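Accompanying notes for the structure given below.
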Amino acid sequence: MGPVFVLLLLICVCNSEDSLTPAKPHSVGDRLISNGGIFALGFFSPKNSSANSYVGIWYHNIPERTYVWVANRDSPITGSSPGKFVLTTSSDLVLLDSKGSTLWTTMNNITTEATGAAAILLDSGNLVIRLPNGTDIWQSFHHPTDTILPNMSLQLSNNNNLSTHLVAWRAPDDPSTSDYSLGGDSSFQILVWNRTMPYWRRAALDGVLVFAMYQSKSGPIMSQTIVNRGGEFYLTYTVSDGSASMRMILHYTGMVKLLAWNSNSLSWDVFFERPGSSCDRYASCGPFGYCDATEAVATCKCLDGFESVGLDFSLGCQRKKEIRCGQGDSFITLLNMKTPDKFLYIRNRSFDQCAEECSRNCSCTAYAYANLSNLGVTVDQSRCLVWMGELVDTEKRGDGLGENLYLRIPSSSGICSLPTLLLIFCVGLPTKY
Ligand SMILES: *[C@@H]1O[C@H](CO)[C@@H](O)[C@H](O)[C@H]1NC(C)=O
Ligand SMILES: *[C@@H]1O[C@H](CO)[C@@H](O)[C@H](O)[C@H]1NC(C)=O
Ligand SMILES: *[C@@H]1O[C@H](CO)[C@@H](O)[C@H](O)[C@H]1NC(C)=O
Ligand SMILES: *[C@@H]1O[C@H](CO)[C@@H](O)[C@H](O)[C@H]1NC(C)=O
Ligand SMILES: *[C@@H]1O[C@H](CO)[C@@H](O)[C@H](O)[C@H]1NC(C)=O
Ligand SMILES: *[C@@H]1O[C@H](CO)[C@@H](O)[C@H](O)[C@H]1NC(C)=O
Ligand SMILES: *[C@@H]1O[C@H](CO)[C@@H](O)[C@H](O)[C@H]1NC(C)=O
Ligand SMILES: *[C@@H]1O[C@H](CO)[C@@H](O)[C@H](O)[C@H]1NC(C)=O
Ligand SMILES: *[C@@H]1O[C@H](CO)[C@@H](O)[C@H](O)[C@H]1NC(C)=O
């Protein structure tokens, strides 16, 4: 009995290897299991679409099958014929169908053969192609599908060509790319787009290092942080106990969700989702309107000095009283604001210079200032934003975070510089002329 048992054990060990080499291709039924048994990689068919199969990564230690990465999301293996997932001698991962056609491949363009590379599935959920000297020439973390895992980072600035957009699944059983994508724009913001239309936006970076912290019911704390690597900003998540069972996804509905595995209820707890209310959707309160999230039910309101144009906020708000530029107009400070979209970013300014930049230009409606020194910015720590014209997608945050927005308002005394009696008269003046 002894020798037979040992043989079986060996087979088991073989089936749960964490790496793939040119000598060991991967077929339907085979799996790579990360060293600590946290993630698995293999062929799968979504529940209700057994006709299509894919190569993907899922949690090996969580009973509810949850995919975190899919290689061939837009080119499934169709029908029942098996596919093969191989690492070529030129160090590329390739997925072939039964006829030998390439459905998906990495493109490392290494021309020299026999580098001795291996594809390894790590306990972080990252699939890497690693050279014998330890250099990773490709990693799935740089080619995300719809999920960000702890320690994975999403590039916010797009000054180089690393594409780190998340693209949602088309439906719960369909991993193909949908119209919803999430990524950084060129001005420190994170957006969710519905095709080319913004659907949700996170305010521009404001120098706060740890964006938000969430504590799951089972204990660990997940922090959303911004890291600066050589002048490029990345959004990343860390989990206090180092566990991998928290994830951020772009859901097939277009919502951003943060989830943590609850090992008591054996399900995913959602502890953050955006848009959180209808008023949290991009520009839903119209120009010069804002979403007041300090209310029990978030509601659209007009910024100070503005009134709504129509019965609802579809057209936004207009000034109650025109600005007479330079004639006593001033700025008020709105606290805890999510800064609006469509700003001009003016470099290398002090706070006073930023305020001056806005006040001297009559088209400037608002400004906001932050110091990015916390983000490890060394060259130009200033972040002066000014708005010329409309303010869209503004919010008064319910969580007390957010920053000061300095909004231009007409002179309270302007035409009626005067006594109390006259003031009553002023209030009654037509507000538009
Ligand atoms: C799969 O299909 C069944 C029957 O049509 C349905 O009840 C179930 O909700 C579907 N599952 C998913 C994940 O859509
Ligand atoms: C490899 O070559 C292809 C086609 O020329 C190109 O699209 C791809 O970016 C290259 N990959 C790398 C890692 O340079
Ligand atoms: C994330 O990185 C930290 C530090 O390198 C490590 O301790 C932790 O285990 C990692 N978490 C995951 C899920 O890989
Ligand atoms: C590892 O080997 C590759 C290819 O030979 C080389 O380009 C790279 O610089 C090496 N990395 C280190 C850390 O030695
Ligand atoms: C980005 O891609 C363009 C065109 O392919 C290329 O000209 C440019 O040098 C690339 N930039 C970086 C930083 O790699
Ligand atoms: C996304 O855009 C399409 C039109 O392109 C629209 O029908 C759909 O309702 C939008 N989705 C959301 C969630 O607003
Ligand atoms: C920033 O502005 C100061 C003067 O306000 C100037 O001396 C300095 O050269 C500027 N730095 C850059 C990087 O433009
Ligand atoms: C005010 O700003 C606008 C938009 O940037 C610009 O076109 C205009 O020249 C500026 N006016 C002054 C007086 O600086
Ligand atoms: C930002 O803050 C740091 C530390 O408080 C300070 O040294 C620096 O001068 C500030 N920079 C700007 C542009 O305000």
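Every value quoted in this text rests on a predicted model; they were computed, and no experiment measured them. Order of appearance sets the numbers: ligands from 1, and atoms from 1 within every ligand.
- Salt-bridge annotation for Lys342 and Asp393: absent, with no side-chain N of the basic residue lying under 4.0 Å from a carboxylate O of the acidic one.
- Proximity to Met388 (heavy-atom distance under 4.0 Å) selects the following atoms of ligand 8: 2 (O), 4 (C).
- A donor and an acceptor atom, one from each side chain of Asp146 and Tyr180, are nowhere located under 3.5 Å apart.
- In this structure, the ring of Tyr67 has its center less than 6.0 angstrom from the ring center of Phe44.
- Applying the disulfide bond (SG atoms under 2.5 Å apart) test to every pair with at least one member in residues 247-279, sequence neighbours left out, gives these pairs: Cys279-Cys291.
- Both tests hold for Arg247 against Trp268: distance to the six-membered ring centre under 6.0 Å, angle to the ring axis within 45°.
- Residues passing the salt bridge (Lys or Arg N to Asp or Glu O under 4.0 Å) test with Glu357 are Arg349, Arg360, sequence neighbours excluded.
- Qualifying side chain to side chain contact (heavy atoms under 4.5 Å, CB included) partners for Val239, counting only residues two or more places apart in sequence or in other chains: Pro150, Pro220, Met222, Asp241, Ser243, Met246.
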Ligand 6 polar-atom proximity to protein (N/O, under 3.5 Å):
residue  : atom   : partner : partner atom : Å
ligand 6 : 2 (O)  : Asn194  : OD1          : 3.2
ligand 6 : 2 (O)  : Asn194  : ND2          : 2.3
ligand 6 : 11 (N) : Tyr180  : OH           : 2.9
ligand 6 : 11 (N) : Asn194  : ND2          : 2.9

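- Residue-to-ligand polar distances place Asn361 within reach of ligand 8: an N/O pair is separated by less than 3.5 Å.
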